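Since the structure comes first, as structure tokens, the remarks are kept for the end.
Computed from a prediction, not measured in an experiment: that's the story for all the values here.
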Amino acid sequence: MGSKIFEELLKNISDEKRRFIRISMDIADQIAQYLKEKKMTQKELAIKLGKNESEISKWLNGSHNFTLDTIAKIESALNEDIILVPKYAYENVYINYESSSSYRFNKDYFERKIANKNVRLEYFNKIPLKSEYDLLDLNKALNKTYHSEVA
Amino acid sequence: MKNSFIIEEFYKGEKSTFYTIRFCSEPKSEADKFFQKFSSSEKDRIENIESKIERMANKSGCQDHYFKIEESSILNNICSLWEGNLRLYCLRYGNVAVVLGDGGIKDKPTYQEIPELNTIVNQLEEIFPLIDERIKDGEIIITDNEIIGDLIFKF
């Protein structure tokens, strides 16, 4: 099933092209997500940036070649981070099993929840650690966007 | 709609599936025609569209901001995947399914001014209510990543 012609064309796409599209689509998705969260329209973002709405539409179509300058302007207009380099992209969250003994700790549930978040979950069930979050706080925290590394 | 057609699978992924229209009187599907027409002359732009389809199918789903709403589409799902003035016209069903038509270069302000594009969009305008009726009757179902049901339309 599926188009053999299309499958053959896909074989010729370079890794560089795939990466370019991945990055552009991820940026577009992030901008679209922020607009939704802030209940802002593309038109309102355009006005804030002194652009035409068609420019915003181009940014969101998933293949725009953003300059860092444009990214910085968008981040400033939205007051949010759009891109992070890997060094700063993850937050380490420590779970101390000791502190969670009154709850039924479901490791699979939390791993599913964090699968798409920039959070690394570290389990230290024997060594007492400074616990950043107990289970209830972690649940709330998973709904936030993390931008900085927390010790 | 005078020509019988089939909605056939074009590219399937975990998050969404792309379909295309194949008229029974023609050997190639509408999307195959588009990609073969432009794969050499518009290589870079076509590869962008190909890569986006691949990523939408496998990772991101068919989110609305990737598509351009066409002028006729107030009451239907007609939109396009676009790169500059290159358009691949389609019907979008949420984030999970897209039916691809044919497309071309839109080098005038409206598609109506370009006979080839006008024909392509008009075909989709005729096809949309036929699919829509089967969805309402339950003969076609949109699941979480595909369209299933009676996809053969005979006249």
Discussion item. Please rank B:Ile49, B:Leu81, B:Ile53, B:Asn48 by heavy-atom pairs under 4.5 Å with chain A and give me the top one.
Written reply: B:Asn48
Worksheet item: Is the distance between the ring centroids of B:Phe10 and B:Phe35 under 6.0 Å?
Response: yes
Item to complete: Answer with side chain, backbone, both or neither: which region of A:Lys58 has an atom nearer than 4.5 Å to a non-hydrogen atom of chain B?
Response: both
Discussion item. Using a 6.0 Å cut-off, check whether atom NZ of A:Lys38 has over 12 heavy atoms from anything other than its own residue.
Written reply: yes
Worksheet, complete the sentence: Of A:Met1, A:Lys17, A:Gln42, A:His64, the largest count of non-hydrogen pairs under 4.5 angstrom with chain B goes to A:Lys17
Discussion item. Could you check whether any side-chain N or O of B:Arg92 sits under 3.5 Å from a backbone N or O of B:Phe67, counting only pairs where one atom can act as donor and the other as acceptor?
Written reply: no
Worksheet entry | Lys/Arg N to Asp/Glu carboxylate O, B:Glu133 vs B:Lys136, below 4.0 Å | no
Practice prompt. Against chain A, work out which of B:Glu54, B:Gln63, B:Glu83 has the most heavy-atom pairs shorter than 4.5 Å and name it.
Written response: B:Glu54
Worksheet item: Who wins among B:Asp44, B:Thr17, B:Ile46, B:Asp64 for the most heavy-atom pairs under 4.5 Å with chain A?
Response: B:Asp44
Item to complete: Determine the option with the most heavy-atom pairs under 4.5 angstrom with chain B, choosing from A:Asp29, A:Ile13, A:Leu10.
Response: A:Asp29
Worksheet item: Can you check whether B:Val99 reaches B:Glu30 side chain to side chain, under 4.5 Å on heavy atoms?
Response: no
Worksheet item: Taking everything shown except B:Lys12 itself, do over 12 heavy atoms lie less than 6.0 Å from its NZ?
Response: yes
Worksheet entry | Contacting region of B:Glu47 [heavy-atom separation from chain A under 4.5 Å] | both
